[in-house]
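Every value quoted in this text rests on a predicted model; they were computed, and no experiment measured them.
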Amino acid sequence: MDVPGITAEQGLFRDAVVSAAQQAIFPKTVEMDRTDVLPDTILPLLQELGVLTMCHPESAGGVGLDPVTCCLATEALGSVSPAIAVMTVANWAAVNVLTARPSNIGGRFLQRWIEKPTVGSYCLTEPRGGSDAGHLETTAVRKGDRYIINGTKCFITNGGVSSVYVIVAATDQGAGSRGTTAFVTDANAPGLTVSRLEDKMGTRGCALAEITLTDLEVPVENRIGQEGEGLALAMESQNVSRVTLAASCVGLAQGALDHAYRYANERVQFGRKIAEFQGLQFKFADMATNIEAARSLVYRTANIIKAEGQGSANARRLAAMSKLYASDVAMSVTVEAVQMFGGYGYIKGNPCEMLMRDAKVFQIFAGTNEIQRRAIFKAWPN
């Protein structure tokens, strides 16, 4: 993980996350993949490292959002457990929307993360509204000092594990994306139900759930920002989500490359280590080059977001480029890494077999790669 320009403090933090991931998370990855259950030790570990509250403002016990440091964390986590990296990014997405507008309610909910190890969920996607997030069927109707929310959210990361849910619903269905509003509520609020846990291909151990909202009552003070700002807040926070997910992809690809390289220097065929065959050397060279190119794009993007803010046109364009390119690199590198293992790569429990399944979702969530291409074109510099 050679990232030029980071501070000594950032380097120490990265090294701490790398060490913890290797020692405390990696030994649990096979069991996580088998059971699709998050071990009880993970959230306390991430809390101890300061990862869960990295996006909290200083006033709420955090250090304030620093996209570069966040990318260092998710790259380190992604190299060992993309599931934990995804869980972390989804948690930050909820925090970023919650802190997007100054309010007392934001500060009160943020204390949950300080009081005990916890995560949040960000609920936007619906069964009939994935890429078309501007036309939501979940409604929030104001009645006096409360909103009554009804609808279904799907593919919600950390669903069933989170203690805080940020929900985007339509307050004016005729206004499209400008009729959406964001709210925050407790996991145990009457009317909020985890109606299904998904059985996923990869990133197992990171919960993915369907959330049913039935006459969920949310006080007006639990609204984030103004009516009509919901999707705009979501899109602003998504630039950070995309670049930190891209960093996870860089870590994932690097992890797969490292596993394959070690194996190629141990496996002997025809009297030679297979790493000595030129055909494989060329593959390793291509994999390493693509990973390094993705890493460079990711950290350039993180620095642009840090300098210009989450909502700038450059942030939107480069965040989409980062997620598009890094996720494609992760997918291609893991496929090649599995091939390096031959038959052993096809067996459950092989680290590259797990990483290959994990890689696929990065081309889909937080905007499919087709949507990323659309975002890149729409943010094209004049």
Side-chain angles (χ1 to χ4, degrees), residues 46 51-56 62 64-75 77-78 82-100 119-125 130-131 133 153 155-159 162 164-168 182 203 206-208 224 230-252 294 297-306 308-312 314-327 330 358-359 361-369 371-372 374-376 379:
L46 296 178
V51 169
L52 297 178
T53 55
M54 284 180 68
C55 293
H56 278 49
L65 172 65
D66 181 347
V68 174
T69 309
C70 288
C71 285
L72 291 170
T74 55
E75 181 179 353
L77 293 171
I84 303 301
V86 169
M87 181 190 75
T88 299
V89 174
N91 171 65
W92 291 341
V95 172
N96 282 340
V97 175
L98 187 56
T99 59
V119 290
S121 283
Y122 159 61
C123 305
L124 176 63
T125 302
S131 297
K153 298 293 184 178
F155 306 140
I156 303 306
T157 303
N158 299 335
S162 295
V164 176
Y165 288 81
V166 172
I167 300 165
V168 181
T203 60
C206 174
L208 193 71
I224 304 170
L231 195 61
L233 295 176
M235 292 302 101
E236 284 183 23
S237 72
Q238 199 155 64
N239 292 326
V240 171
S241 295
R242 286 172 175 172
V243 74
T244 49
L245 287 171
S248 306
C249 290
V250 171
L252 190 162
L297 179 57
V298 163
Y299 286 98
R300 180 182 176 226
T301 302
N303 278 298
I304 288 290
I305 294 174
K306 184 176 181 179
E308 298 184 6
Q310 298 186 54
S312 75
N314 278 333
R316 291 195 302 274
R317 179 171 55 86
L318 289 169
M321 287 180 173
S322 295
K323 183 179 175 295
L324 167 66
Y325 185 68
S327 62
D358 290 343
V361 76
F362 289 90
Q363 296 177 312
I364 298 171
F365 64 6
T368 65
N369 280 8
I371 289 293
Q372 304 306 324
R374 182 170 178 266
I376 292 164

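- The shortest side-chain heavy-atom distance between V243 and C71 falls under the 4.5 Å cut-off.
- Counting all heavy atoms, side chain and backbone alike, I304 lies closest to A315 at CG2-N, 4.2 Å.
- Here the straight-line distance linking atom CD1 of I371 with atom CG of L324 works out to 12.0 Å at 0.5 Å rounding.
- Closest approach of A207 and G159 over heavy atoms only: CB-O, 3.4 Å.
- A 4.5 Å side-chain heavy-atom check between C249 and S327 finds at least one atom pair inside the cut-off.
- You'll find the side chain of V164 stays beyond 4.5 Å of the side chain of S121, heavy atoms only.
- Partners of T74 by side-chain hydrogen bond (donor to acceptor under 3.5 Å, both in side chains), not counting sequence neighbours: none found.
- Taking T203 as the reference, nothing meets the side-chain hydrogen bond (donor to acceptor under 3.5 Å, both in side chains) condition, with sequence neighbours excluded.
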Please assess T301 against M321 for the test side chain to side chain contact (heavy atoms under 4.5 Å, CB included), listing each intermediate value before the final yes or no. CA-CA 9 Å; T301 302; M321 287 180 173; over 6 Å; no
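- For Y325, the OH atom sits in a packed shell: over 12 heavy atoms of surrounding residues, nucleotides or ligands are nearer than 6.0 Å.
- Under the rule for a side chain to side chain contact (heavy atoms under 4.5 Å, CB included), the partners of R316 that lie at least two apart in sequence or sit in another chain are N239, A313, A379.
- Among all heavy-atom pairs drawn from A93 and S241, the shortest one is CB-OG, 3.6 Å.
- Exactly one of V95, V97, N96 qualifies for a side chain to side chain contact (heavy atoms under 4.5 Å, CB included) with V166. That residue is V97.
- With hydrogens and angles ignored, the 3.5 Å screen pairs no side-chain donor or acceptor of N91 with any backbone N or O of M87.
- When the side-chain hydrogen bond (donor to acceptor under 3.5 Å, both in side chains) test is applied to T244, no partner is found at least two apart in sequence or on another chain.
- Remark: T157 pairs with no residue by the side-chain hydrogen bond (donor to acceptor under 3.5 Å, both in side chains) rule, at least two apart or across chains.
- Here L245 contributes atom CG and L252 contributes atom CG; the two are 11.5 Å apart, rounded to the nearest 0.5 Å.
- Taken to the nearest 0.5 Å, the CD atom of E308 stands 11.0 Å off from the CG atom of N303.
- Within the 3.5 Å criterion, the main-chain N or O of G367 finds a donor-acceptor partner in the side chain of K323.
- Considering only residues two or more places apart in sequence or on other chains, T88 meets the side chain to side chain contact (heavy atoms under 4.5 Å, CB included) condition with L46, V51, L77, I84, W92.
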Are V86 and S248 close enough, and set up right, to give a side chain to side chain contact (heavy atoms under 4.5 Å, CB included), and what steps lead you there? CA-CA 8 Å; V86 169; S248 306; 5.9 Å; no
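- Distance check: Y122 OH to I156 CD1 gives 9.0 Å after rounding to the nearest 0.5 Å.
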All N/O donor-acceptor pairs, side-chain side in residues 230-238, below 3.5 Å, sequence neighbours left out:
{"from": "S237", "atom 1": "OG", "to": "A234", "atom 2": "O", "distance (Å)": "3.0"}
{"from": "Q238", "atom 1": "OE1", "to": "R242", "atom 2": "NH2", "distance (Å)": "3.2"}

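- Remark: D66 pairs with Q10, V68, T69, K306 by the side chain to side chain contact (heavy atoms under 4.5 Å, CB included) rule, at least two apart or across chains.
- Shown here are the ring-ring contact (aromatic ring centres under 6.0 Å, His included) partners of F362, two or more places apart in sequence or in another chain: F365.
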